[in-house]
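So the structure is just underneath, and the comments pick up after that.
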Amino acid sequence: MSAAPLSPAEAGYHFPPGFLWGTATAAYQIEGAASADGRGPSIWDTFSRRPGAVWNGDTGDIACDHYHRVDEDLELMTRLGVRSYRFSVAWPRIQPDGRGPANQRGLDFYRRLVEGLRARDIEPTLTLYHWDLPQALEDQGGWTARDTAERFADYVAVVSRALGADVARWITLNEPWCSAWLGYGSGRHAPGVADIGRAAAATHHLLLGHGRAVEVLRAAVPSAPVGITLNLGVHRPGTPDPLDVAAARRADGNLNRLFLEPIFHGRYPEDMLQHYRDDEPGFSVVRDGDLDQIAAPLDFLGVNYYFPDTIMDAGRSHEARVAGYGVPLGEQFPDLRVLSLETPGSDTTSMGWEVDASGLTELLVRIKSEYTDLPILITENGAAFDDYVDPNGRVLDHERETYLHEHLVAVHDALDAGVRVIGYFVWSLLDNFEWSLGYSRRFGIVWVDFPTGARLPKASYDWYADVIARNAVDKMGDLGEGPR
Ligand code: FCB
């Protein structure tokens, strides 16, 4: 008599052949060498010097010193076994003032990186913009100015001409929501402007820059896959009350639909246009033909996912406490009138982000049903925990293994539901500069000792190497050593 077949949870979760296992970083967060070889200042160099803007007054001046340790980092990737590495190019290394001829020494650094990856059989996945706008462009309005989209297209032309032959796939922007809404809306990120109307205008100019970049890339590297990376989320109403349902819809409009609709349906969502109609300049900056450009066909969508949101209407903080949510986490944008809540008893990371991998499956299924059937790359997923080097010289970050494990199972569930997920990049290869939180949060699968720059692979690095080697994650509860 043959035994009953094992369910995936018993047998482990196998990924499709050729699944693109990777890891991700971003230029300002790891490179350091902030004035080396002709690099100009970026908005993050300026912002991180503003008193109180970044935890501990940290800056990216040195960061992981990846600029000088690139060979060592390539070795770490080789031992990890990744098939692809997602990194970003620092625009101010290529055009120190954001315009004009290329700075050859800046290009040389990325040429060396890209050739180093190819020599190791690792596919370069290149992000053209991960938030480090040349300061000279910010001085002329930054992303609130339409001209910045044109400057971006010129920069993309320079990079694609120089590196086109070796780059496996291109990502135009990383998380334009953060650039627009944290950069110009709440002011928590560079350039530190708090003005809703300017955030809305920045949204449009970023998307326009994306559309222009796609056009430039199609001409320069016709056969290379091109996509964009969005930070998307799921917004669950805290109660079934219509006020909370409407609040969750507003949060969804701002984070998700404001980006997904123009890119995939060629229009801005009507409720959001209404919501921002009195904000100047807001979406009045949209011109005829822009949306056609923004909706240019892509080859894949990059999705960054970290946590789900539970949302209630801002006027209902008393009801939120009664419903057991505790003290609301607060309102990011007063105009949206939404409260972000923490589910009682939930696990959180050291960012305070709730751990709930089911949100990732839910998100992926929704993207497919409402927006696109394009292949999806999870271009970032990962977690910060309070890691430490133990007396045996090891970082036993089993919480991170569990987090990654659960999210990979969630990806597998989405595959089972018919979503075409073609790869997954852990954020991040290295502990690094976590924006306004400086070096206080560690997301790496490799520990970085910032005073010396020494690297030490964490337990999760070995765990991930094993996942990649087997193209599978184990069944739940079989995660290796140590207490959980
Ligand atoms: C994302 C960013 C990335 C990193 C992670 C934690 O929003 O793209 O640079 O900071 O969050």
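Whatever order the structure lists ligands and atoms in, that order sets their numbers, starting from 1. Keep in mind that the numbers below use all heavy atoms, side chains included, and drop hydrogens, waters and symmetry copies. Throughout, numbering of the chain's residues begins at 1 and tracks the sequence.
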For [atom], which protein heavy atom lies nearest, and how many Å away is it?
atom                    : result
atom 2 (C) of ligand 1  : E380 OE1, 3.3 Å
atom 5 (C) of ligand 1  : Y306 OH, 3.3 Å
atom 10 (O) of ligand 1 : E434 OE1, 2.7 Å
atom 7 (O) of ligand 1  : E175 OE1, 2.6 Å

Side chain, backbone, both or neither: the part of N174 lying under 4.0 Å from ligand 1 by heavy atom: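 N174 to ligand 1: side-chain contact only, backbone stays beyond 4.0 Å.
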
Heavy-atom pair of closest approach, residues A34 and R39: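 Closest approach of A34 to R39, heavy atoms only: O-NH1, 2.8 Å.
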
Test: D252 and R257 ion pair at under 4.0 Å: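 Yes, charged N to carboxylate O under 4.0 Å.
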
Nearest-option assignment for atom 4 (C) of ligand 1, heavy atoms, candidates F433, W427, W177: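 The nearest heavy atom belongs to W427.
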
I'd like to check which ligand 1 atoms, numbered from 1 as shown, lie under 4.0 Å from a non-hydrogen atom of [X].
X    : result
W435 : 3 (C), 4 (C), 9 (O), 10 (O)
W131 : 2 (C), 7 (O), 8 (O)
F443 : 6 (C)
Q29  : 3 (C), 4 (C), 9 (O), 10 (O)

Residue among L429, T127, V114 satisfying side-chain contact (heavy atoms from CB on, under 4.5 Å) with F87: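 When side-chain contact (heavy atoms from CB on, under 4.5 Å) is applied between F87 and each of L429, T127, V114, only V114 qualifies.
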
Polar contact flag, side-chain donor to acceptor under 3.5 angstrom, Y184-T203: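 Checked: Y184/T203 side chains show no N/O donor-acceptor pair below 3.5 Å.
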
Distance-only side-chain donor-acceptor flag, N174 / T229, under 3.5 Å: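 No, because no side-chain N or O of N174 sits under 3.5 Å from a partner of the opposite role on T229.
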
N or O pair under 3.5 Å between W353 and ligand 1: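 Checking ligand 1 against W353, no N or O pair falls under 3.5 Å apart.
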
Distance in Å, N381 CG paired with E406 CD, rounded so as to fall on 0.5 Å steps: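 That separation rounds to 10.5 Å.
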
Spatial distance of atom CG (L437) from atom CG (N56) [nearest 0.5 Å]: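 Here the rounded value is 11.5 Å.
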
Within-shell test, H130 vs ligand 1, heavy atom, strictly < 4.0 Å: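 Yes.
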
Check: Y129 ring centre within less than 6.0 Å of W143 ring centre: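 They qualify: ring centres under 6.0 Å apart.
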
